[in-house]
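Every chain is numbered from 1 and lettered A, B, ... according to where its sequence line falls, protein lines coming before strand lines. Values reported hereafter were calculated over all heavy atoms of this structure, with side chains retained and with hydrogens, waters and symmetry mates removed.
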2 protein chains.
Amino acid sequence: MAEGGNGVGRARPNIYEVADRAEVSIATVSRVQRGSSAVRAETRRRVLAAIKELGYRPSVAGRALAERRHAAVAVVFPTLSGPYYAEVIAGCEDATVERGESLLILGTHRRPRVDDLVFDLAHRVDGLVVMGQTVDDAVLAALARDAVPLVLLGRPSVAEAPSVRSANAAPAVELTTHLIAEHGFERLAFVGDVDSAPDVAERWEGFVEAHRRARLEPPPRPVSAGFREADGFAVARAAFASGANRPQALVCANDELALGACRAARSLGLAVPDDVAVTGWDDVSLARLVPPGLTTVRQPMRELGAAAARLLFERIDTAAAQPASLMLPSELVIRSSCGCASEQDTQFTTDEGRG
Amino acid sequence: MAEGGNGVGRARPNIYEVADRAEVSIATVSRVQRGSSAVRAETRRRVLAAIKELGYRPSVAGRALAERRHAAVAVVFPTLSGPYYAEVIAGCEDATVERGESLLILGTHRRPRVDDLVFDLAHRVDGLVVMGQTVDDAVLAALARDAVPLVLLGRPSVAEAPSVRSANAAPAVELTTHLIAEHGFERLAFVGDVDSAPDVAERWEGFVEAHRRARLEPPPRPVSAGFREADGFAVARAAFASGANRPQALVCANDELALGACRAARSLGLAVPDDVAVTGWDDVSLARLVPPGLTTVRQPMRELGAAAARLLFERIDTAAAQPASLMLPSELVIRSSCGCASEQDTQFTTDEGRG
DNA sequence: TTGTACGCGTTATCAT
DNA sequence: ATGATAACGCGTACAA
């Protein structure tokens with residue numbers, strides 16, 4: 001381990017030094033080191049010895065130049081706050097390391113000149129995973145024209161780039177139907193900004209679809225801004241203010257909003273789920289910790305990231321075929337906030353925090 | 001925006017094509033493009049036009065080879081689960097983008113051949129931020145011998161590499177003294193694995209020091225494994241089982257443990273803080289949301305990451321001088337779980353979740 | 001099986 | 001102010 005003492009400050013050896021030391025040509029070093037063509041066993045041994053003695057590692061820049069590839073990909077995301085993006089990126093990282101390559105990251109939230117940043121990034125990797133609404137369609141189109149392999153994540157397909165998503169409509173139908181059929185609710189409300197993200201729009205559509213199937217009139221399209229706990233608090237307060245006609249259940253576009261709604265209920269002396277049911281989306285670690293356990297929908301975040309990266313590699317390796325888009329299933333997680341029995345609220349391992 | 005239509009599939013133009021089009025030599029293109037030496041205004045104009053028309057961007061590989069630098073750094077971390085590492089990495093990313101460079105990431109948790117991964121990584125960037133106990137000291141020493149610029153984060157200095165940390169001992173003294181002096185507690189317990197991380201060890205030492213100053217006998221050194229919610233639950237259950245002599249306050253090494261301890265208390269019919277006080281460390285987003293608001297210590301996570309990256313850049317730019325290590329202050333966050341009045345538990349914006 | 005020589009796209013030095 | 005040209009480190013035809 002930790003290759004040996006080639007003196008302090010000594011410049012990194014290059015392929016020529018290795019060749020000299022092993023008394024072969026650089027071509028042979030390259031062959032040995034890449035494990036490619038046939039090399040006589042004895043020669044290979046000598047070369048390997050020289051590599052080890054010198055602590056030689058091929059220069060990525062030189063190799064990138066010669067091979068015309070970077071052995072690296074990048075993921076573009078809005079922000080690292082919250083568990084969603086971090087988990088997805090972790091999935092990308094898993095798949096990337098598994099392939100023996102490197103992962104670059106770029107956050108776009110509140111950053112000027114994002115287009116330029118993305119173009120620069122595109123030129124130092126072999127492909128890009130682009131999450132959510134972080135990059136303009138026009139930029140994606142331009143990248144596609146430049147033949148930059150692209151995979152989209154949690155966002156509709158654009159510029160013929162394949163996309164990886166998790167199910168929204170189906171679980172939304174399932175969740176809403178659960179509230180209607182199992183718990184007998186008739187006045188539901190949807191909390192979330194339908195126009196801000198396709199994911200949310202699809203959840204809303206599933207919500208409406210469930211009403212249609214139950215022959216119930218869906219509530220009017222919600223107007224609300226934001227995804228934050230405070231937003232959920234405000235919207236829920238307003239909803240609860242409608243007196244006797246207040247909704248019996250709040251279907252929130254994410255767990256943050258749902259937690260805010262729970263707080264709003266508490267602040268008005270309403271009990272969840274006895275006085276009002278609340279559901280979330282994402283299954284953040286809080287969801288199972290805060291009483292009552294939040295009924296929500298779990299997206300396979302890490303798998304989403306890994307799948308996107310693998311799709312990207314496929315796209316890189318076979319420039320020809322466009323791999324199809326992928327839809328990963330989401331899982332309904334029934335806890336107590338919808339009104340179901342508590343049943344000891346699952347396990348409590350959260351994998352948060354550190355030493 | 002989005003440079004123009006140089007036909008589909010057209011190969012990326014290189015500096016020669018630009019030179020041809022502008023009717024200059026590649027040297028001039030390089031000069032213009034780098035903004036270096038003097039170039040006649042008219043010439044510059046022509047070159048700029050050619051660059052724009054062709055959508056030229058210099059190849060990072062070519063540049064890296066010529067300049068012998070990568071314009072990129074990497075951060076090595078254990079895992080992306082939980083808010084701590086994600087926030088720190090976000091800080092690194094801020095500082096990196098601010099400098100116009102790129103950030104590579106490598107997670108080591110549960111990964112085989114970490115040493116090799118790190119060595120590979122080191123060869124494709126200009127320097128490394130290494131977090132926590134992710135990499136063996138021997139590997140760090142080897143990297144240092146190879147003249148790889150290194151900055152350590154949240155870990156004691158090794159191999160003469162500067163380190164960035166947040167204060168542990170001082171806030172631990174402050175927190176413990178608060179419990180002793182303000183709330184009059186005399187039987188405290190420390191929850192956390194003191195031997196697993198230097199950070200935790202320092203928090204423990206601060207805890208002991210506060211006892212010393214108050215002329216109180218500190219409890220025996222705790223034996224506990226893990227940092228997780230479930231670990232806190234288990235340890236706290238055991239502590240509460242000691243009957244009348246049970247601790248009046250639990251000082252936990254992080255918020256996860258503290259939340260587990262709270263749950264343990266609940267499960268035994270003990271109220272927090274009325275029957276037992278609990279404090280955490282980190283101020284994760286849960287800390288202010290779960291009732292009662294958790295008294296904890298806030299580390300400047302994002303600033304830690306940014307500071308580490310900037311220190312690394314300094315180290316890269318001035319190979320000679322070793323920048324000194326940095327210690328960033330941590331902030332005591334008093335909420336209700338220590339027994340202080342609730343006072344409407346601060347704001348509720350959490351920045352978690354997404355659309 | 002092995003070696004020679006060229007190309008990859010820049011930067012930088014040295015002439016002019 | 002501008003142009004030739006030599007590195008930079010590697011992969012790989014092609015030749016031997």
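Look at A:Arg63 and you'll find a side-chain N or O under 4.0 angstrom from OP1 or OP2 of D:dG11. An OP1 or OP2 oxygen of D:dT12 is reached within less than 4.0 angstrom by a side-chain nitrogen or oxygen of A:Arg34. An OP1 or OP2 oxygen of C:dT11 is reached within less than 4.0 angstrom by a side-chain nitrogen or oxygen of B:Ser30. The shortest distance between the side-chain N/O atoms of B:Gln33 and the OP1/OP2 oxygens of C:dT10 is not below 4.0 Å. For B:Ser59 and C:dC8, the shortest distance from a side-chain N or O to OP1 or OP2 is not below 4.0 Å. Under 4.0 angstrom from either OP1 or OP2 of D:dG3 there lies at least one side-chain N or O belonging to B:Thr28.
Across all strands, B:Ala27 comes closer than 4.0 Å to base atoms (heavy-atom distances). Across all strands shown, B:Val24 has heavy atoms under 4.0 Å from sugar-phosphate atoms exclusively, and none from any base.
For A:Asn14 and D:dG11, the CG to C1' distance is 14 Å, given to the nearest whole Å. If you take CZ of A:Arg46 and C1' of C:dT2, they are 11 Å apart, rounded to a whole angstrom. Taking atom CG of B:Asp20 as the reference point, atom P of D:dA4 lies 11 Å away to the nearest angstrom. B:Arg69 places its CZ atom 18 Å from the P atom of D:dC8, with the value rounded to the nearest Å. A straight line from NE2 of A:His70 to P of C:dC8 spans 15 Å, rounded to a whole angstrom. In this structure, CG of B:Leu65 is placed 12 Å from P of D:dG11, rounded to the nearest angstrom. Atom CD of A:Glu23 and atom C1' of C:dG3 are 15 Å apart (whole Å). Taking atom CZ of residue A:Arg124 and atom P of nucleotide C:dC8, one finds them 22 Å apart after rounding to whole Å.
Looking only at distances, a side-chain donor or acceptor of B:Ser59 sits under 3.5 Å from a matching main-chain atom of B:Gly62. Side chain of B:Asp146 to backbone of B:Val148: no donor-acceptor contact under 3.5 angstrom is found.
Both B:Ile26 and A:Ala66 lie near DNA chain D, and the one whose nearest nucleotide falls closer to the 5' end is B:Ile26. Ranked by how close their nearest DNA chain D nucleotide is to the 5' end, A:Glu67 and B:Arg68 are led by B:Arg68.
Each of C:dG7, C:dT11, C:dT2 was ranked by its minimum atom distance to the side chain of A:Arg40; first place goes to C:dT2. Considering only the side chain of A:Tyr16, D:dC10 comes nearest among D:dT2, C:dT11, D:dC10. Closest to the B:Thr43 side chain, of the nucleotides C:dT1, C:dT11, D:dT2, is D:dT2. Of the candidates C:dG3, C:dT11, C:dT1, C:dT11 carries the atom nearest the B:Ile15 side chain, counting heavy atoms from C-beta on.
By the neighbour-count criterion of 12 heavy atoms within 6.0 Å, atom CD of B:Glu23 is sparsely surrounded, having that number or fewer from other residues, nucleotides or ligands. Counting heavy atoms of neighbouring residues, nucleotides and ligands inside a 6.0 Å radius, atom CD of A:Glu42 exceeds 12 of them.
Checking B:Ser102 against A:Arg124 by side-chain atom types alone, a donor-acceptor pair falls below 3.5 Å.
Remark: the B:Arg31 side chain and the D:dG3 base include a donor-acceptor N/O pair separated by less than 3.5 Å.
The heavy-atom pair separating A:Val24 from A:Val29 by the smallest distance is CG2-CG2, 3.9 Å.
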